[in-house]
**Student:** 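Provided herewith is a single structure, encoded as structure tokens, for subsequent inquiry.
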Amino acid sequence: MIQPGKTIGVLGGGQLGRMFAHAAERLGYRVHIYEPMADGPAGEVSAREVNQSYTNVEALTAFVRDCDVVTYEFENIPVEPLWKIENLVPLHPHWSVLETCQNRMREKTWLRKNGFPHVPFAEVEAGDDLAAAIRRVGLPCVVKTADFGYDGKGQIKVSDEASLAKAVAAFARQRCVIEKFIDFKCELSVLVARGSTGEVKVFPVAENIHTRHILDFSIVPARVPDAVRTEAEKLGLAIVEKLNVVGLLAIELFLTDRGEILVNELAPRPHNSGHWSLDACATSQFEQHVRAVCGLPLGDVSILSPSVMVNILGDAWKWQGEELVGDANWAAILAHPRAKLHLYGKKEPRLGRKMGHFTVTAATADAALDLARELKARL
Ligand code: AMP
């Protein structure tokens, strides 16, 4: 057990690291952040911040020597430097989990090999005939780069000849996966924590609404039949065991019209679709991640109230064309008794950039969603 008072190192310095640091500091830990870019959201609230490249093994080694355990909040960290620190400090989840989850091709191949339900896909190597591969899969489909994709970046939906040409021009020299376009009923996510002792806890399944590929609303409890919730939880537990995760794993799912649950993506870290847990759950996902990586008993994951989380993008600020002309209407959220505002301290609002979120609670998930939409409109 890594006792409170010890130091947790976090690779990555974004908002997930910031909210992780808040949770860790409340339990008496010191948090050190390793992040290439200065002035990030996490460094600002942590005891120490090192701004060096992830591939600078010397700097990384010096960083971990001051830590008692290390975790990460960002997926696009090269794994080779992590091999070099593995004997110096416990790293949770293990780098092999990161290696599987950070590349769509490896992730999907892993799901297929281990018999987990996933979106059917074809693999395309750099230099292969992408157009021919797209035609073999059939339209509509989604072409995604194998590496470095998130929030819809590195992916193009192909539904006609024009979008096919666009995908070929964008991705012709990259490794890609081509997925069938799934006309899903809804998107769900399940977050599972597993401690170093093997103890596991599953957060209530969330229902997620994306707008332009970016998460817009997360709703708990998900408005799906109990059998779907149970199935999603079982799937989450099985994946976490098979991947041998210590820490949190977020699993994004599609629920199809036929009631099938398909895995879309895995993320071995706290996840945007679990932010509601800060205000509407006995234990937040961030605290649970602290507990899991430090070997503490896991916390209770009961929901205290139906809830909806709304992402706040830079779009919420006042813009005239490309010019920023004013703040968002924070008072609309702050004045409401059932809303909680979280801002990440990012210096520069930009269109499409995640700047914060707010959570509302209500008697039912539907009522919470109505309130969330109303407050978002007033923001
Ligand atoms: P991803 O970055 O793969 O999680 O994709 C971002 C979002 O794009 C997902 O949450 C879905 O809303 C949508 N999306 C991704 N892949 C597919 C697919 N194969 N079929 C339909 N929608 C998709």
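Since the structure is predicted, the reported quantities are computational estimates derived from the model, not experimental observations. Counting starts at 1 for both ligands and their atoms, in listed order.
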**Student:** Using a strict threshold of under 4.0 Å (side-chain N to carboxylate O), is an ion pair present between Arg229 and Glu231?
**Tutor:**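 No, Glu231 and Arg229 are not salt-bridged.
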
**Student:** For residues 165-203, which residue pairs qualify under ring pair (Phe, Tyr, Trp, His ring centres under 6.0 Å), counting only residues two or more places apart or in two chains?
**Tutor:**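 Counting only pairs at least two positions apart or across chains, the ring pair (Phe, Tyr, Trp, His ring centres under 6.0 Å) contacts touching residues 165-203 are Phe184-Phe254.
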
**Student:** With sequence neighbours left out, what residues match Ser163 under side-chain hydrogen bond (donor to acceptor under 3.5 Å, both in side chains)?
**Tutor:**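 Partners of Ser163 by the side-chain hydrogen bond (donor to acceptor under 3.5 Å, both in side chains) criterion, ordered by chain and then number, come out as Asp160.
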
**Student:** Just which atoms of ligand 1 are under 4.0 Å from any heavy atom in Arg104?
**Tutor:**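 Atoms satisfying the 4.0 Å criterion: 1 (P), 2 (O), 3 (O).
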
**Student:** Where on Asn264 is there a heavy atom closer than 4.0 Å to ligand 1, on the side chain, on the backbone, on both, or on neither?
**Tutor:**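 Asn264 to ligand 1: side-chain contact only, backbone stays beyond 4.0 Å.
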
**Student:** Could you tell me, atom by atom, which parts of ligand 1 come under 4.0 Å of a heavy atom of Val142?
**Tutor:**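 Atoms satisfying the 4.0 Å criterion: 17 (C), 18 (C), 19 (N).
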
**Student:** Nearest 0.5 Å, please: how far is CG in Leu164 from OG in Ser159?
**Tutor:**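 Taking OG in Ser159 and CG in Leu164, the distance rounds to 9.5 Å.
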
**Student:** For ligand 1 and Phe254, I'd like to know whether there is a polar contact (N/O to N/O, distance under 3.5 Å).
**Tutor:**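 There is no such contact.
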
**Student:** By number and element, which atoms of ligand 1 are closer than 4.0 Å to a non-hydrogen atom of His210?
**Tutor:**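 Matching atoms, with element in brackets: 10 (O).
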
**Student:** Which option out of Glu107, Glu179, His213 puts a heavy atom nearest to atom 13 (C) of ligand 1?
**Tutor:**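 Comparing heavy atoms across Glu107, Glu179, His213, the nearest one to atom 13 (C) of ligand 1 lies in His213.
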
**Student:** Let's go through Lys144 and Phe121 carefully: what are the C-alpha distance in whole Å and the side-chain angles of both, what is the deciding distance for side chain to side chain contact (heavy atoms under 4.5 Å, CB included) to 0.1 Å, and is it a yes or a no?
**Tutor:** CA-CA 10 Å; Lys144 303 180 177 182; Phe121 69 103; over 6 Å; no

**Student:** Quick one: which ligand 1 atoms are inside 4.0 Å of a heavy atom on Phe184?
**Tutor:**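 Those of ligand 1 that fall under 4.0 Å from Phe184 are 12 (O), 21 (C), 22 (N).
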
**Student:** For the residue pair Arg373 and Phe217, would you count it as a cation-pi contact if the rule is NZ or CZ under 6.0 angstrom from the ring centre and within 45 degrees of the ring axis?
**Tutor:**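 Here Arg373 passes the 6.0 Å and 45° test against Phe217.
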
**Student:** Hey, looking at atom 10 (O) of ligand 1, which of Lys180, Lys157, Glu187, Gln155 has the closest heavy atom?
**Tutor:**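 Among Lys180, Lys157, Glu187, Gln155, the closest heavy atom to atom 10 (O) of ligand 1 belongs to Glu187.
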
